[in-house]
Amino acid sequence: MKNIQLLKNTLSIALPLALLACVVMWLGYLQDIRSDQNLLKTRELSKSKLQREITYNHFSLVGNDLMQLADHVQLHELFEPGGARAKDILIKEFETVLGKTGMYYKIRVLDATGREIIKVQNPQIKAPHAAIGRLVEQSNRDYFRESMRMSPGEVYVSGFDLSAPTGMVEYPLTAVIRFGTPVMDRMKRKKGCVIINFFGAHLISELEEAVASASSRMLIVDSRGFWIRAIRPGPEWGWIIPNNRTQRMQVWDPVAWSVIARQSSGQIQTDKGLFTFARVYPWFSNEVFLKTSAEKLETKAGQFGAANQGKYWTLISFIPRAELNALKWKRLQYLSWALSALLVFILLISWIAARANERRQVAEEALRENEKKYRYMFESNLVGVLYFDLAGKILDANEYFMRLTEHTAEEARAGELSLTNVIEPKTGNSPGYWEKIIGQGRMDSAEMNAVRDDGTRVPVSCMAALFPEKSQGILLVIDLTERHRLEDMRKRLFSTLSHELKNPLAIIISYFRLLEKSHQFSDDEKDFINIINRNTGRLKTLADSILTVEQLEFSQAPAKLVAVNFSKTVRQAVDSVKLMACEKGLDLSADLEPRQELKIRAQQEHIEELVTNLIVNALKYTLKGRVTVKLALAPENAGEVELRVEDTGIGIQPENLQKIFEGFYRIPSELQNNISGSGLGLRIVKDIVDMYGGTIRVESVPNQGSCFVVRLPVFSE
């Protein structure tokens, strides 16, 4: 049932969002399609313009080469008596031009009657054997007549044609464009013409490379609709090849042809695809071409006579309908992927939102339950609870706290109680104490005094913390009266026990020593006496340690302190335990500050106890190697003296480092049974260090050794 409700909540969020996403993305898809089409049309127009510019640039290059040949000195001499030598020179020049450019099929010189005088063919082209070296009459060819009609400086450019040197179309088909200009003698009289056959395939190849695209095709048709370059090989050259005469563009796509035949450039989209076209006029003078932009050439064509109006061809960039649809399908595919991902994302977000809403409801319910629990805790009177603001004013308190301090809840709610007059530190009501606590944002457990209405003090333990918004806080108060009573009883018990143990133990030890001096015992009896002496000694040491711990735990630093020579105390402690080190075969050394005697403010017996316990502890847990005691000023704080006791003993496991200063705690080890001790030595050291405001830490590596570091304030005069 819970899952069904979650599903309903998810769908209630997801469905409206999904519908909105579908509408927005469909509108975006339509806009993208329009943008793609506009971009495609713009790109195709640029291609068409580029194709026309490439064509005219080729015309210019070939025209320049033709004019240079026509102005050749030897060509003028060719038509004069003795022109044989000039002919040989010209043949070599023509061969050089053909080999250098690679764009020309052949170069010919015709006299005024149309008879070929020179004919040089590109050596890379295999012409029919009958055409090799044979000079042919060309007076009936259009390119001869039109070239002879040109004025000096003008160039005739034919349309696309096929090479037919013998009058028959040769295979493979070789497309050519013929360029011609008249040749003048020294008297500026027309003596003939120069004709260059330009490879049409070279121009077509460059046009295709310039506008190469996976989606578009390059087409070329002449003014009558015959194919020069069709969408696929086969139907071209219909005005030359009889079988292809019916293969015209107006048959293939009459709608597109009706526009292409009327306009010199533009675009038309039909059922077959998108056509972008531009006309190229090969009939013009070289002078006009060089001075006229490609956009104006079609308007200039009329200046050369009505007969020339139909002499043009049209360059077409064609994108089939299938390619246009592929672009739409590609965009639609992207849309479907994006929409699918978006719908999954919407469903996921909706599920997360539904889950979050469900969890919010559960959290609100849990919050209400927690509020009941916290209210119960507040009113359960297990501990004292009060709320305060940043000014320290008590806003509310439970019955436990009111009973403890003998105040009333009405006083708290009326703002008559504050932390400073109800809770005070153990040392008295220090100014600014609570302001400091509030500034820190929290207070860990600390012993303080609760001030009753009659002025009496009750020992309490307090913990405080500000709420997250930092405007109010909570204070927990626990009555320590019973705990202090029990601690006093324990103190008296341990003191009494220690004193009661010390006196009989002292008597037992005295009498055993008297017996040892006055009687002769057997070896077995001596062993028994040694065991009794050793264990009574351990009991006496234990009693002394317990008494020392109790004295240190329940007392503060003495009011009257003296300057203790720390350096001298360390030397004496090292000397006192040297015998113990020698018995164990250990090297015990002291490295003290050589420049001065370091002093601290303390009681002599406490410092002796501290140093001796550290050294003895190191000797106990070191089986071989050495113990080194170092004393010097702290490296980074000249106001402290640092005592380091290093050993090469059994070391301490990391998990035991925080336990070694607890009373009666001994390090677990398989060697433990061979090491005597009460477990109170380090506890005594810790209490002495705390009493004098110092610090102690331990660094240890198991099976390599330990180093205890104690720092105490330096005595200053």
Side-chain angles (χ1 to χ4, degrees), residues 22 25-52 54-55 160 173 175 200-201 203-238 241 243-280 313-341:
C22 290
M25 295 197 73
W26 179 254
L27 294 176
Y29 166 73
L30 295 178
Q31 180 63 33
D32 288 343
I33 289 297
R34 285 193 293 269
S35 298
D36 288 346
Q37 290 177 345
N38 292 334
L39 180 62
L40 180 63
K41 290 180 179 180
T42 301
R43 186 184 65 195
E44 291 300 301
L45 288 171
S46 298
K47 284 184 180 181
S48 180
K49 181 179 178 181
L50 179 59
Q51 286 178 320
R52 189 163 56 178
I54 290 173
T55 302
F160 272 96
L173 299 177
L203 175 59
I204 293 173
S205 176
E206 289 208 14
L207 292 174
E208 286 182 336
E209 290 180 4
V211 297
S213 172
S215 59
S216 62
R217 311 286 189 274
M218 190 194 75
L219 310 178
I220 305 176
V221 295
D222 70 0
S223 59
R224 296 162 294 179
F226 286 114
W227 293 109
I228 299 173
R229 182 76 171 183
I231 194 168
R232 63 182 59 86
E236 293 96 341
W237 315 106
I241 302 175
N243 293 337
N244 293 343
R245 286 179 181 172
T246 59
Q247 303 292 329
R248 297 193 183 189
M249 184 175 182
Q250 52 264 49
V251 177
W252 180 63
D253 193 334
V255 176
W257 175 251
S258 64
V259 176
I260 293 173
R262 294 195 313 268
Q263 299 179 10
S264 60
S265 62
Q267 278 182 331
I268 175 67
Q269 187 168 345
T270 68
D271 291 340
K272 291 200 180 318
L274 177 65
F275 298 84
T276 305
F277 58 93
R279 289 180 184 174
V280 174
W313 65 80
T314 303
L315 304 176
I316 303 172
S317 177
F318 170 64
I319 300 180
R321 183 180 178 183
E323 297 293 341
L324 295 175
N325 291 336
L327 294 176
K328 293 182 180 179
W329 280 110
K330 188 176 182 180
R331 179 68 69 175
L332 187 61
Q333 187 178 25
Y334 290 155
L335 173 67
S336 63
W337 281 107
L339 184 59
S340 299

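All figures in this text were calculated on a predicted structure; none of them were measured in a lab.
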Closest non-hydrogen atom pair between [X] and [Y], with its separation:
| X | Y | result |
| --- | --- | --- |
| K272 | F318 | O-CZ, 3.3 Å |
| F277 | V259 | CZ-CG1, 4.0 Å |
| F226 | R248 | CZ-NH2, 2.9 Å |
| L219 | W252 | CD1-CZ3, 4.5 Å |
| L207 | Q51 | CD2-O, 3.3 Å |

Notebook entry, point to check: Checking side chain to side chain contact (heavy atoms under 4.5 Å, CB included) for the pair K328/R331: CA distance, chi angles, key distance, verdict?
Noted result: CA-CA 5 Å; K328 293 182 180 179; R331 179 68 69 175; 5.8 Å; no
For the pair [X] (side chain) and [Y] (backbone), establish whether a donor and an acceptor sit closer than 3.5 Å, ignoring hydrogens and angles.
| X | Y | result |
| --- | --- | --- |
| N244 | E236 | yes |
| R279 | A261 | yes |
| S340 | S336 | yes |

Can you measure from [atom1] ([X]) to [atom2] ([Y]) and round to the nearest 0.5 angstrom?
| X | Y | atom1 | atom2 | result |
| --- | --- | --- | --- | --- |
| K41 | T276 | NZ | OG1 | 9.0 Å |
| I220 | I204 | CD1 | CD1 | 4.5 Å |
| L315 | S48 | CG | OG | 6.5 Å |
| L324 | L274 | CG | CG | 6.0 Å |
| K47 | I319 | NZ | CD1 | 6.0 Å |
| I241 | W227 | CD1 | CH2 | 15.0 Å |

Checklist line | side chain to side chain contact (heavy atoms under 4.5 Å, CB included) between W26 and L335, worked out | finding: CA-CA 8 Å; W26 179 254; L335 173 67; 4.2 Å; yes
Next item on the list: May I ask you to check whether over 12 heavy atoms, not counting those of R232, lie within 6.0 Å of atom CZ?
Entry: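 Counting other residues, nucleotides and ligands, CZ of R232 stays at 12 neighbours or fewer.
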Checklist line | By side-chain hydrogen bond (donor to acceptor under 3.5 Å, both in side chains) - contacts of Q250 (at least two apart) | finding: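 With neighbours one apart ignored, the set is empty.
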Checklist line | Pair I268-Q263, side chain to side chain contact (heavy atoms under 4.5 Å, CB included): steps then yes or no | finding: CA-CA 11 Å; I268 175 67; Q263 299 179 10; over 6 Å; no
Could you check whether any side-chain heavy atom of [X] comes within less than 4.5 Å of a side-chain heavy atom of [Y], counting everything from C-beta outward?
| X | Y | result |
| --- | --- | --- |
| V280 | T55 | yes |
| L30 | R34 | yes |
| M249 | T314 | no |

Margin query: Checking F275 against D253 for the side chain to side chain contact (heavy atoms under 4.5 Å, CB included) test, could you report, in this order, the C-alpha distance in whole Å, the side-chain angles of both residues, the deciding distance, and whether it holds?
Written below: CA-CA 11 Å; F275 298 84; D253 193 334; 3.5 Å; yes
